[in-house]
Participant: 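Before I ask anything, here is the structure I am working with.
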Amino acid sequence: MRLGLRRISGLREEDAARLVLARGEEPYRSVEDVWRRPGLGPGALDHLAKADAFGPELNVALKAMTEGREIIEDYSHVGLTLRRQPLALLREDLSALKRVPCRAADTAWDGQYVQTAGLVLVRQMPGAAKGVMFMTIEDETGVANLVIWKTLYEKQRPIALGAHLIGVDGRIQREGEVVHLVAYKLHDLRDVLSGLESRANDPGDMAWAKCSRNFC
């Protein structure tokens, strides 16, 4: 079976080129083969299917993606999603670990003990901070700004620098409208993050979850 590639409305030139290059001298055998071999995203497959580009041998109904797989594909290809934030799908798992949403930091009182978790957006350690790390994490409810003192950073450096989904135990510090969560302990929640893959019903590529901005 060989996929016919005429000019298809909406199909990016780079996707068409990848299709041709990956095909080589070996015809595509199935819709899944067309998806996996060149590494196409769901948008490209949709354009191909609507244009009936698969031909009679390959023109079968595409299996609907799970929401988790759609989110993974969105982040993998464009770095964002218009669907639910990834941790919305993992909220039950996080709640089982007694991790409250990041929004709880905004409503907590000064000095309140909080256990939360989020995907790491930014890590920074300004020179003037004398070894203090500042970190911003995000979940489906918003962001939380963490302060990680030098002693904790040195003790848990691998987690502070390497975790992509991080859990934090700490206390709220309020200064007017500015709210920080001062960390007492950090947790690498990679096992929880891997649950998104199982909800996607496909191992997929989770590299999108590792794209924090590091300034330290």
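Basis for what follows: all heavy atoms, side chains included, without hydrogens, waters or symmetry-related copies. None of these values were measured; they are calculated from a predicted model.
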Participant: Within a strict 4.5 Å, meaning less than it, do heavy atoms of the I166 and D188 side chains meet?
Facilitator: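 No; the side chains remain at least 4.5 Å from each other.
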Participant: Please round to the nearest 0.5 Å and tell me the distance separating atom CG of D110 and atom NE2 of H180.
Facilitator: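 One gets 12.5 Å once the value is rounded to the nearest 0.5 Å.
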Participant: When clusters are formed by joining ILVMFWY residues with side-chain heavy atoms under 4.5 Å apart, either directly or through shared neighbours, do L152 and L161 land in the same one?
Facilitator: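 Yes, same cluster.
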Participant: Any non-hydrogen side-chain atom of M125 less than 4.5 Å from a side-chain atom of V132?
Facilitator: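 They are not in contact (no side-chain heavy atoms under 4.5 Å apart), so the answer is no.
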Participant: Could you walk me through whether I172 and V114 pass side-chain contact (heavy atoms from CB on, under 4.5 Å), step by step?
Facilitator: CA-CA 7 Å; I172 297 297; V114 171; 3.8 Å; yes
Participant: Is it true that D169 and H187 share a donor-acceptor pair across their side chains at a distance under 3.5 Å?
Facilitator: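 Yes.
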Participant: What I want to find out is whether D106 reaches R174 closely enough, with some N-O distance under 4.0 Å, to be called a salt bridge.
Facilitator: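 The answer is no: the pair does not qualify as a salt bridge.
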Participant: For the residue pair L186 and I148, establish whether any side-chain heavy-atom pair is separated by less than 4.5 Å.
Facilitator: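 Heavy-atom side-chain distance check passes, below 4.5 Å.
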Participant: Would you compute the distance between atom OH of Y184 and atom CD of Q156 and round it to the nearest 0.5 angstrom?
Facilitator: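 Those atoms lie 14.0 Å apart.
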Participant: Checking V120 against H164 for the side-chain contact (heavy atoms from CB on, under 4.5 Å) test, could you report, in this order, the C-alpha distance in whole Å, the side-chain angles of both residues, the deciding distance, and whether it holds?
Facilitator: CA-CA 6 Å; V120 178; H164 309 302; 5.9 Å; no
Participant: Is it the case that the side chain of R171 and the backbone of L181 share a donor-acceptor pair, with hydrogens and angles ignored and the cut-off at 3.5 Å?
Facilitator: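 Not at all, since once roles are kept as given, no pair shorter than 3.5 Å links the two residues.
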Participant: Between D93 and R99, is there a salt bridge with N-O shorter than 4.0 Å?
Facilitator: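 Here R99 does not pair with D93 in a salt bridge, since their nearest N and O are not under 4.0 Å apart.
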Participant: Any chance you could lay out the side-chain contact (heavy atoms from CB on, under 4.5 Å) test for L189 and L94, step after step, and finish with the verdict?
Facilitator: CA-CA 9 Å; L189 301 182; L94 293 171; 4.1 Å; yes
Participant: Before giving the answer on side-chain contact (heavy atoms from CB on, under 4.5 Å), spell out for L121 and V143 the whole-Å C-alpha distance, their side-chain angles and the decisive distance to 0.1 Å.
Facilitator: CA-CA 9 Å; L121 294 181; V143 301; 4.1 Å; yes
Participant: Taking C-beta and beyond as the side chain, do V147 and F134 meet within less than 4.5 Å on heavy atoms?
Facilitator: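 V147 reaches F134 side chain to side chain.
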Participant: Using 0.5 Å steps for rounding, measure from the CZ atom of R157 to the NZ atom of K150.
Facilitator: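 One finds 11.0 Å between CZ of R157 and NZ of K150.
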Participant: Could you check whether any side-chain N or O of T116 sits under 3.5 Å from a backbone N or O of V100, counting only pairs where one atom can act as donor and the other as acceptor?
Facilitator: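 A pair under 3.5 Å: yes.
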Participant: Would a distance-only check, ignoring hydrogens and angles, find a side-chain to backbone donor-acceptor pair under 3.5 Å from T141 to R103?
Facilitator: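 Yes, T141 side chain to R103 backbone: donor-acceptor pair under 3.5 Å.
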Participant: Can you tell me if D139 uses its side chain to pair, donor with acceptor, with the backbone of C102 under 3.5 Å?
Facilitator: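 Pair found, side chain donor or acceptor close to backbone of C102.
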Participant: Just by distance, do the side chain of E154 and the backbone of T151 share a donor-acceptor pair under 3.5 Å?
Facilitator: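 No, because the side chain of E154 does not come within donor-acceptor range (under 3.5 Å) of the backbone of T151.
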